[in-house]
Amino acid sequence: MVIWTIANQKGGVGKTTTVISLAGLLAERNFRVLLIDTDPHASLTSYFQYDSDQLPVSLYDLFAEPAKVKSEIEQVILPTEIPNISLIPASMALATLDRVLGEKEGMGLFLKKQLTLLEDDYDFVLIDCPPVLGVMMVNAIAACEKILIPVQTEFLASKGLDRMISTLSVMKKSAGVSFKYCIIPTLYDKRTRASINTLLLIKERYQEKVWNGVIPVDTKFRDASLQHVPISIYAKRCRGVFAYETLLNYLLQAEFY
Ligand code: ADP
Ligand code: MG
């Protein structure tokens, strides 16, 4: 079972879109995919038409109300309409998790330990992060072997990126774990100076950590989200799909640092 976490402390950079697009392509290749929504805004959860306010249980309960789900991660997994894709949904309550758990020891590795129980059930786990550094992001980062960092190719994007990278290095020092990450330029519009310049800047600063391709702006992403399906199901042959296909092929074979 391969676990990837998609994180950036900035919102609107394409994290959730990356999770759904990669999941669609992996599912199409017959891999069994589990998606985990750790963002209290629950965009991933609502993408699959679940109303996070109405769900009897969610990821929150696994962390904060273990009795309610008999402490079993299986209890919080939902099917989706897409073959091969399952979902652990988020709820608003996740926003209170840091306060609820307080200083409870050892919670940083909670998700990682839970996921070992699903080792034989899934080929890929993709974890969608909130744009906030808290117990959920720490868990998501500690659980995975690769971190994908989508970065919008816009002015000031590199500021958020610097913050994310320094968060990773702080975690690395405190946890003594090595994190492999890949920066993914997103929302690229080759007609704008902002996109071109930002991409150059990011590549100059982060060099081999930056994926060599880009995810272009494509209106099909929004259309697909209105249909609640991954873009590859909505529009098989559009540039958004080609870009994520190229990215997936890279991720499957690349050695990360
Ligand atoms: P995040 O999860 O980082 O907050 P999202 O994936 O939700 O970001 O993307 C924010 C918005 O931008 C969404 O409305 C999404 O449909 C749109 N979007 C994301 N990537 C693209 C893209 N490559 N082209 C066009 N729109 C995109
Ligand atoms: Mg999101």
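Scope of the values below: all heavy atoms of this structure, side chains included, with no hydrogens, waters or symmetry mates. As the structure lists them, so they are numbered: ligands from 1, and atoms in each ligand from 1.
- Taking the charged nitrogens against the carboxylate oxygens, Lys112 and Glu145 have no contact shorter than 4.0 Å, which rules out a salt bridge.
- Within 4.0 Å of atom 14 (O) of ligand 1, not a single protein heavy atom is present.
- In this structure, Asp39 does not pair ionically with Lys15, as no charged nitrogen and carboxylate oxygen lie closer than 4.0 Å.
- Remark: the Thr45 side chain and the Asp37 side chain contain an N/O donor-acceptor pair separated by less than 3.5 Å.
- Of the protein's non-hydrogen atoms, the one nearest atom 8 (O) of ligand 1 is Gly14 N, 3.1 Å.
- Atom 5 (P) of ligand 1 is approached by the protein to below 4.0 angstrom, counting heavy atoms only.
- Using cut-offs of 30° and 60° for the angle between ring planes, the Tyr250 and Trp211 rings count as tilted.
- Hydrophobic cluster of Val217: the remaining members, joined at side-chain heavy-atom separations below 4.5 Å, are Leu187, listed by chain and number.
- Checking Glu154 against Thr198 by side-chain atom types alone, no donor-acceptor pair falls below 3.5 Å.
- Side-chain atoms of Tyr244 and Thr18 form a donor-acceptor pair, as typed in the model, at a separation below 3.5 Å.
- The closest donor-acceptor contact from the side chain of Asn8 to the backbone of Pro150 lies under 3.5 Å.
- Ligand 1 does not have Ala243 within reach: every non-hydrogen atom of the residue lies 4.0 Å or more from it.
- The ring-ring contact (aromatic ring centres under 6.0 Å, His included) check on Tyr206 picks up nothing, with sequence neighbours excluded.
- Within the 3.5 Å criterion, the main-chain N or O of Ser166 finds a donor-acceptor partner in the side chain of Ser169.
- Those atoms of ligand 1 that come under 4.0 Å of a heavy atom in Val13, given as number and element, are 1 (P), 3 (O), 8 (O).
- Not a single heavy atom of Thr186 sits closer than 4.0 Å to an atom of ligand 1.
- Residue contacts with ligand 1 do not include Ser43, since none of its heavy atoms lies under 4.0 Å from the ligand.
- Ion pair Asp218/Lys220 not flagged as a salt bridge, since none of the NZ, NE, NH1 or NH2 atoms sits closer than 4.0 Å to an Asp/Glu carboxylate oxygen.
- Scanning the protein for heavy atoms near atom 19 (C) of ligand 1, the closest one is Thr17 OG1, 3.3 Å.
- Hydrophobic cluster of Phe155: no remaining members, since no ILVMFWY side chain lies below 4.5 Å from it.
- Residue Pro216 touches ligand 1 through its backbone alone, judged by heavy-atom distances below 4.0 Å.
- Numbered from 1 in the order shown, with element, the atoms of ligand 1 that lie under 4.0 Å from a heavy atom of Val217 read 24 (N).
- Closest protein heavy atom to atom 10 (C) of ligand 1: Gly12 CA, 3.9 Å.
- Given atom 7 (O) of ligand 1, the protein heavy atom at minimum distance is Thr16 CB, 3.9 Å.
- Protein heavy atom closest to atom 22 (C) of ligand 1, with residue, atom name and distance, is Phe221 CD1, 3.4 Å.
- Ligand-side atoms of ligand 1 in range of Ile215: 23 (N), range being under 4.0 angstrom from any heavy atom.
- Looking from atom 12 (O) of ligand 1 to the surrounding protein, the closest heavy atom is Leu187 CD2, 4.7 Å.
- Among all non-hydrogen protein atoms, the one lying nearest atom 25 (C) of ligand 1 is Asp218 O, 3.2 Å.
- Linking ILVMFWY residues whenever their side-chain heavy atoms come closer than 4.5 Å, directly or via other members, leaves Met107 and Met137 in distinct clusters.
- Tyr47 and His228 have perpendicular rings, their planes meeting at more than 60° on a 0 to 90° scale where under 30° would count as parallel.
- If you count the protein N, O or S atoms nearer to the Mg ion (ligand 2) than 2.8 Å, you get 1.
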